[in-house]
Amino acid sequence: MKKHWLIKSEPDVFSFDQLWKVKKRTTPWDGVRNYQARNFLRDEMRVGDGILYYHSSCTPPGIAGLAEVASAAYPDPTQFDVEDPHHDPKSERSDPRWFAVDVRAVEKLPRFVTLDELRGRESLASLRVLQRGNRLSITPVTASEWRTVRSMGGL
DNA sequence: GCCAACGTTGGC
DNA sequence: GCCAACGTTGGC
């Protein structure tokens with residue numbers, strides 16, 4: 001059973017358009033350093049799962065496009081790289097603490113769906129990204145929420 | 001830049 | 001195990 005997710009990215013760091021332009025429209029989703037997000041990533045994400053690509057810390061925040069999980073989870077290489085800002089000295093190669101998956105852009109939404117629009121939909125009231133204080137960078141989305149956002153985006 | 005919310009750390 | 005201190009996130 002295909003699952004759906006929402007992942008956050010700051011467009012200044014890595015926008016949906018940038019993902020669209022890289023080779024195979026695919027990039028490692030690494031640097032996740034939150035245990036709850038790590039567990040989703042490692043234990044629940046499957047190749048082919050749908051992803052809402054959310055732009056945060058920008059004006060306006062919102063959903064820019066659709067992506068998909070393009071690999072199984074694998075140990076995040078940045079945790080072992082001393083040069084990398086996400087280096088984790090406490091993580092052992094024999095027992096990696098952090099994981100990554102590859103993410104592939106699938107469809108750019110004809111219309112960017114702003115956070116305000118998402119808030120305006122009764123049927124999206126339980127979307128995690130709308131809850132106050134929500135900081136998780138990877139959250140599950142129901143199939144019906146997925147369809148709603150997709151159609152709001154003009155697909 | 002502000003600040004509320006939240007996760008993590010570490011002393012006890 | 002408690003909890004204060006601290007760092008980060010992210011909308012505004």
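These numbers were taken from a predicted model, which means no experiment stands behind them. Only this structure's heavy atoms are used, side chains among them; waters, hydrogens and symmetry mates stay out. Naming convention: chains lettered A, B, ... in sequence-line order (proteins, then strands); numbering from 1 in each chain.
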request  = Kindly determine whether Arg33(A) and Thr78(A) satisfy side chain to side chain donor-acceptor pair (under 3.5 Å), including the steps that lead there.
outcome  = CA-CA 11 Å; Arg33(A) 294 294 181 269; Thr78(A) 66; 3.0 Å; yes

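Regarding Tyr35(A), its OH atom lies at a distance of 15 Å from the P atom of dT9(C), rounded to whole Å. Between Gln131(A) atom CD and dG7(B) atom P the separation is 14 Å, expressed in whole Å. A straight line from CG of Leu136(A) to C1' of dG11(C) spans 16 Å, rounded to a whole angstrom. Summarising the geometry, the separation between CG on Leu118(A) and C1' on dG10(C) is reported as 15 Å, rounded to the nearest angstrom. As rounded to whole Å, 15 Å separates atom C1' of dT9(C) from atom CD1 of Ile138(A). When the P atom of dG11(C) is taken as reference, atom CD of Glu10(A) falls 9 Å away, rounded to whole Å. The distance from atom CZ of Arg97(A) to atom C1' of dG7(B) is 14 Å, rounded to the nearest whole Å. Rounded to whole angstrom, the span from the CG atom of Asp116(A) across to the P atom of dG11(C) amounts to 11 Å.
Every residue meeting the salt bridge (Lys or Arg N to Asp or Glu O under 4.0 Å) condition with Lys108(A), not counting sequence neighbours, appears here in chain and number order: Asp17(A). By the ring pair (Phe, Tyr, Trp, His ring centres under 6.0 Å) test, Tyr35(A) pairs with Trp98(A), sequence neighbours left out. Under the rule for a salt bridge (Lys or Arg N to Asp or Glu O under 4.0 Å), Asp84(A) has no partner lying at least two apart in sequence or in another chain. Listed by chain and number, the residues in a ring pair (Phe, Tyr, Trp, His ring centres under 6.0 Å) with Tyr54(A) amount to none (sequence neighbours excluded).
Comparing dT8(B), dT9(B), dG10(C) by their nearest atom to the side chain of Lys8(A) picks out dG10(C). Among the nucleotides dT8(B), dG10(C), dT9(B), the one closest to any side-chain atom of Lys90(A) is dT9(B). Side-chain proximity of Pro61(A) to the nucleotides dT9(B), dT8(B), dG11(C) is greatest for dG11(C). When the nucleotides dG7(B), dT9(B), dC12(C) are ranked by their closest atom to the side chain of Arg119(A), dC12(C) comes out on top. Here dC12(C) is the nucleotide among dT8(B), dC12(C), dG7(B) with the atom lying nearest to any side-chain atom of Leu115(A).
Evaluation of the salt bridge (charged side-chain N to carboxylate O under 4.0 Å, His left out) test over residues 51-73 of chain A, restricted to residues two or more places apart or in two chains, returns Glu68(A)-Arg104(A).
Trp29(A) and Tyr53(A) have perpendicular rings, their planes meeting at more than 60° on a 0 to 90° scale where under 30° would count as parallel.
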Below 3.5 Å is the cut-off: list the nitrogen or oxygen pairs between protein and nucleotides 1-5 of chain C, distance only.
none

